[in-house]
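All values below come from the heavy atoms of this structure, side chains included, with hydrogens, waters and symmetry mates left out. Proteins come first, then strands; the chains are lettered A, B, ... in the order of their sequence lines, and each starts at number 1.
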Amino acid sequence: MRFSEAFIYTSKEAPSDATLPSHIYLVRGGFIQGIGAGLYNFLPLGKKVLDKIRAIVKDELDKASAQEVDLAFVTPSELWKESGRFEKYGKELLRFKDRKDAEFVLGPTHEEMMVNMVRQYVKSYKQLPINLYQIKYKFRDEIRPRFGLMRGREFLMKDGYSFHKDEADMIENGFNKMEKTYSNIFTRLGLDFRVVEADSGAIGGNGSKEFMALADSGEDTIVVCKGCDYGANIEAAKRVPKTEPIYPEGEEVEMNYGKFHTPNVKTIDELSSFFHIDKYYTVKAVAKKALYDNNIEKVVLFFIRGCDELEETKATNAVNANELIDVSEDELIDLGLIPGFIGLEGLPKDILAVVDSELKGADKLIIGSNEKDYHTIGFQLPDYGDFYRDLIKVQEGDKCPNCQNELYYTKGIEIGHIFQLGTRYSEPLKAEFLDENGKSRPFVMGTYGIGVSRLLAAIIEQHHDDKGCIWTKATAPFDLEIIVSNIKKEDELKIADELYNNLKSKGIDTLLDDRKERFGFKMKDFELIGIPYAVIVGKKITDGMVEIVDRKTLEKEEVTLDSAVDRVLELIK
RNA sequence: CGGAGUGUAGCGCAGUCUGGUAGCGCACCUGGUUUGGGACCAGGGGGUCGAAGGUUCGAGUCCUUUCACUCCGACCA
């Protein structure tokens with residue numbers, strides 16, 4: 001491609017709302033154009049990168065014997081009603097009506113559609129397993145789209161679905177196989193990523209793992225281990241239960257059961273300094289209002305150690321709620337609770353309490369007495385049976401559940417997510433097959449997603465400098481750029497042109513910068529766009545030399561004109 | 001949805017308080033000079049000032065309504 005003829009327009013200025021490098025450079029470099037909240041046009045450069053990423057995704061999936069399909073973007077709402085998600089999915093689902101007043105949705109994900117398709121053809125266990133996928137635009141009416149391609153409303157996603165006769169096959173031939181395949185894909189794309197344990201969220205199912213590209217700008221906090229490869233989203237992270245702080249010999253904490261007058265001691269900080277004791281020994285009650293379908297609300301008390309914090313996703317799952325919201329002190333008082341002094345003993349009857357698993361069997365605790373200005377010390381937890389749940393947010397410095405080493409936080413961009421779905425969709429949608437015994441059974445499913453357009457952003461988050469993008473060889477919009485220093489010098493232009501034609505004939509996708517601009521201007525554009533290498537045809541040709549610039553290191557290497565092609569081929573291999 | 005803010009040329013912004021000829025930088029067009037790190041000079045084109053209504057002799061500016069967008073939060077396969 002000749003730059004002078006290309007639809008490539010770079011800019012010195014970034015959009016005023018852009019904060020992330022990926023957003024700034026992708027817009028400035030002429031890869032994408034923002035046209036509305038969370039909506040982007042892909043310009044030729046961006047489209048080329050997108051297609052390259054897409055090809056890698058497809059290649060690896062096809063190797064894993066998944067088959068590509070393409071389902072309708074506009075989907076009839078009936079299927080969504082059948083699965084119960086038409087109402088449940090909420091406002092993210094864009095709904096509309098056609099001229100006949102029939103309801104439709106723009107697909108935000110395609111479980112329903114895919115199950116519907118498969119159930120019409122697959123009737124026997126002999127036809128299983130099946131793994132189908134598509135790479136298609138999705139639309140989710142996000143509350144607050146931001147960060148460029150990172151959180152758009154319309155975005156390109158690869159969504160895959162596998163169908164199996166049983167759980168074991170789903171795990172082996174679906175879930176585990178896809179985990180391997182995804183790792184191959186992200187490795188080929190040159191990403192630094194981690195596979196972490198995740199919350200299954202609204203999609204449902206048992207096990208799920210996320211693929212996180214490590215980046216400070218990531219929206220997710222992930223917990224990783226210094227000693228082993230354990231990693232988990234903070235929403236699902238586990239730890240070795242906290243143990244008693246170590247006190248010097250003879251100063252161990254001892255408590256006798258009893259009520260203690262603690263006037264105006266309401267917070268955990270006040271409590272721990274009042275008793276001169278580590279927060280480990282205190283118990284706090286975190287009150288939330290749980291929201292359920294049909295506008296049902298319920299106040300829930302979550303009891304955790306004073307040194308811990310409530311992890312909201314875990315808490316939401318613990319009570320099977322759709323959402324947790326804050327509850328006011330007045331509301332608590334109306335229910336007969338005394339904020340600051342809430343405990344487990346003597347709670348009003350109809351209050352739901354959930355206790356953190358780590359408190360099971362714990363003793364030597366200080367907890368509210370459900371009585372104004374009183375705390376109970378030396379409290380020991382009775383057997384609450386089913387009320388124990390994992391509720392706490394793992395903290396930096398906690399111990400790894402696998403190897404006991406220290407855990408720490410890092411930030412990640414969610415680029416892939418794989419789920420063991422089970423029969424969550426096949427059952428309500430009555431997608432069934434006959435097993436070996438002629439018995440009808442729902443498909444056991446897995447579902448697998450990759451944010452393809454988000455990958456562009458993730459790659460730039462990991463591969464950029466203060467001058468612009470640094471594409472990897474596998475994802476660059478062109479293999480090579482040739483910069484003509486001054487097109488008015490006929491020999492420069494001629495040599496560059498020959499070089500360009502030569503490389504083109506060898507299958508090298510080359511961008512020839514033959515614009516009527518000064519050298520510095522072209523270099524800046526080269527650096528901004530981030531093609532891996534450039535050949536500079538300039539003043540050194542009088543000595544029969546050209547230069548090759550490495551975008552990553554910005555180092556220049558002089559080679560003779562004759563050896564230039566071979567050297568380039570060697571580099572971009 | 002809660003809080004804050006912004007809509008003026010393709011992009012980034014000033015002008016609005018205090019009403020009186022629509023501005024700047026980048027980009028674009030013409031001519032010339034320049035040519036190894038985002039050149040310079042001269043000339044030029046481009047705007048129903050987000051929309052609707054109102055006040056006024058006169059509205060980008062004041063008032064009312066409305067729409068859109070952005071930021072923080074909440075939210076989020």
Checklist entry - Contact class for Glu547(A) vs. all strands (heavy atom < 4.0 Å): base, sugar-phosphate, or nothing? => result base
Checklist entry - How far, in whole Å, is A22(B) from A4(B) if one measures between their C1' atoms? => result 30 Å
Item to check | P-based separation of C69(B) from G25(B) [nearest Å] | outcome: 32 Å
Checklist entry - Under 30°, 30 to 60°, or over 60°: which ring-plane class applies to Phe31(A) and Trp471(A), parallel, tilted or perpendicular? => result tilted
Checklist entry - Do we get Lys97(A) above Phe104(A)'s six-membered ring, with its NZ or CZ under 6.0 Å from the centre and within 45° of the axis? => result no
Next on the checklist: Salt bridge check, Arg567(A) against Asp562(A): does any charged N sit closer than 4.0 Å to a carboxylate O?
Outcome noted: no
Checklist entry - Does C40(B) have a Watson-Crick or wobble partner in any strand here, with both distances under 3.5 angstrom, and which is it? => result G32(B)
Next on the checklist: Please classify the nucleic acid contact of Lys138(A) as base, sugar-phosphate, or nothing, using heavy-atom distances under 4.0 Å.
Outcome noted: nothing
Next on the checklist: If I take atom CG from residue Leu561(A) and atom CG from residue Leu499(A), how far apart are they, to the nearest 0.5 angstrom?
Outcome noted: 7.0 Å
Next on the checklist: With a 3.5 Å limit on both atom pairs, tell me what G58(B) is paired to, counting Watson-Crick and G-U wobble, or say none.
Outcome noted: none
Item to check | Plane angle bin for Phe419(A) and His417(A) - parallel if under 30°, tilted between 30 and 60°, otherwise perpendicular | outcome: parallel
Checklist entry - Could you give the CG-to-C1' distance, from Leu324(A) to A74(B), as a whole number of Å? => result 13 Å
Checklist entry - Could you give the CZ-to-C1' distance, from Phe521(A) to C28(B), as a whole number of Å? => result 12 Å
Item to check | Residue mapping more 5' on RNA chain B - nearest nucleotide basis, Ile450(A) or Val537(A) | outcome: Val537(A)
Checklist entry - Does Lys138(A) make a cation-pi contact with Phe155(A) (under 6.0 Å, within 45 degrees of the axis)? => result no
Next on the checklist: Can you measure Glu219(A) atom CD to G73(B) atom P for me and round it to whole angstrom units?
Outcome noted: 10 Å
Checklist entry - Looking only at atom C1', what distance separates U18(B) and C62(B), rounded to whole Å? => result 11 Å
Checklist entry - Among pairs that include at least one residue of residues 511-522 of chain A, which meet side chain to side chain donor-acceptor pair (under 3.5 Å), considering only residues two or more places apart or in two chains? => result Ser4(A)-Asp514(A), Asp513(A)-Arg515(A), Arg515(A)-Asp525(A)
Next on the checklist: What's the closest nucleotide to the side chain of Arg144(A) if the choices are C69(B), A74(B), A77(B)?
Outcome noted: A74(B)
Checklist outcome for this item: Per atom distances to the Arg140(A) side chain, the nearest of A77(B), C71(B), C76(B) is A77(B)
Item to check | Per Lys488(A) side chain, nearest of listed nucleotides G36(B), C76(B), U35(B) | outcome: U35(B)
Next on the checklist: So, under a plain 3.5 Å distance rule, would you say the side chain of Arg518(A) forms a donor-acceptor pair with the base of U34(B)?
Outcome noted: yes
Checklist entry - Given atom CG of Asn486(A) and atom P of G37(B), what is their separation to the nearest angstrom? => result 12 Å
Checklist entry - Pick one: which of Lys411(A), Arg151(A), Arg144(A) meets salt bridge (charged side-chain N to carboxylate O under 4.0 Å, His left out) with Glu219(A)? => result Arg151(A)
Next on the checklist: Tell me the interatomic distance from Leu291(A), atom CG, to C76(B), atom P, rounded to whole angstroms.
Outcome noted: 11 Å
Next on the checklist: Quick check for you: among U35(B), G38(B), G36(B), whose closest atom lies nearest to any side-chain atom of Lys539(A)?
Outcome noted: G36(B)
Next on the checklist: Strictly by Watson-Crick or wobble contacts shorter than 3.5 Å, is anything paired with G7(B), and which nucleotide is it?
Outcome noted: C67(B)
Checklist entry - Is there a Watson-Crick or G-U wobble partner for G73(B) with both distances under 3.5 Å, and if so, which one is it? => result C1(B)
Checklist entry - Donor-acceptor pair under 3.5 Å: do we get one between Glu527(A)'s side chain and the base of G37(B)? => result yes
Checklist entry - When rounded to the nearest Å, what value does the distance between P atoms of G32(B) and G23(B) take? => result 30 Å
Checklist entry - Are Glu311(A) and Thr313(A) linked by a side-chain donor-acceptor pair shorter than 3.5 Å? => result yes
Item to check | Name of the residue among Glu60(A), Lys158(A), Lys177(A) meeting side chain to side chain donor-acceptor pair (under 3.5 Å) with Tyr182(A) | outcome: Lys158(A)
Item to check | Gap in Å between the two P atoms, one belonging to G12(B) and one to C57(B), rounded | outcome: 39 Å
Item to check | Watson-Crick or G-U counterpart of C13(B), or none if no pair lies under 3.5 Å | outcome: G23(B)
Next on the checklist: Both Pro145(A) and His110(A) contact RNA chain B. Which one's nearest nucleotide lies toward the 5' end?
Outcome noted: Pro145(A)
Next on the checklist: Distance check needed: A27(B) C1' versus Lys516(A) NZ, whole Å only.
Outcome noted: 15 Å
Checklist entry - What is the distance, rounded to the nearest whole Å, between atom CZ of Arg151(A) and atom P of C71(B)? => result 13 Å
Checklist entry - Which value, in whole Å, describes the distance between the C1' atoms of nucleotides G31(B) and G45(B)? => result 15 Å
Checklist outcome for this item: When rounded to whole Å, the CG to P distance for the pair Asp199(A) and C75(B) reads 13 Å
Checklist entry - Considering only the P atoms, how many Å lie between G20(B) and U16(B), rounded to the nearest integer? => result 9 Å
Checklist entry - What is the nucleic acid contact for Arg28(A), judged by heavy atoms within less than 4.0 Å: base, sugar-phosphate only, or nothing? => result base
Next on the checklist: At a heavy-atom distance below 4.0 Å, what parts of residues 1-20 of chain A sit against RNA chain B?
Outcome noted: Lys12(A), Glu13(A), Ala14(A), Ser16(A), Asp17(A)
Checklist entry - What interatomic distance, in whole Å, is found between C1' of A27(B) and the corresponding atom of C1(B)? => result 40 Å
Item to check | Watson-Crick or G-U wobble mate for U18(B), both contacts under 3.5 Å | outcome: none
